[in-house]
Amino acid sequence: MKRRTLLTATAASAAAASLAACGSGTPGESKDDAAEADGRTPIEFWHRTFTPFENEWYAGIVSSYNDAQEKFFVKDVEVPADAWD
């Protein structure tokens with residue numbers, strides 16, 4: 001399996017899981033995050049910090065998703081590798 005295919009599948013799975021777990025709010029959400037959502041349900045998408053290219057790819061996918069629909073707003077959150085432990 002190519003790396004890009006794997007990353008795409010991983011991002012799609014994570015987005016689907018995030019949407020399925022969507023609740024009435026996100027713990028730790030700031031007022032600025034709610035303003036960015038513009039009336040849409042906000043969702044935080046957490047992923048590890050990878051290479052700059054991969055991090056830009058994640059940001060681009062999230063931006064494309066946010067532009068493509070009006071029901072949800074996904075916020076891309078990079079989490080350092082040592083925080084996952």
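Computed over heavy atoms, backbone and side chain alike; hydrogens, waters and symmetry mates excluded.
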Working to the nearest 0.5 Å, report the span between CZ of F73 and OG1 of T41.
12.0 Å
Return the set of residues passing side chain to side chain donor-acceptor pair (under 3.5 Å) with S64 (not counting sequence neighbours), or none when no residue passes.
none
Heavy-atom side-chain proximity of F50 to Y58 below 4.5 angstrom:
yes
Might you point out which heavy atoms bring E70 and R40 nearest each other, and give the distance in Å?
O-CG, 2.8 Å
Roughly how far apart are D82 CG and R48 CZ, rounded to 0.5 Å?
9.5 Å
The side-chain contact (heavy atoms from CB on, under 4.5 Å) partners of E78 (sequence neighbours excluded) come to H47, T49, N55
Which heavy atom in F72 sits nearest to a heavy atom in N66, and how many Å separate them?
O-OD1, 4.0 Å
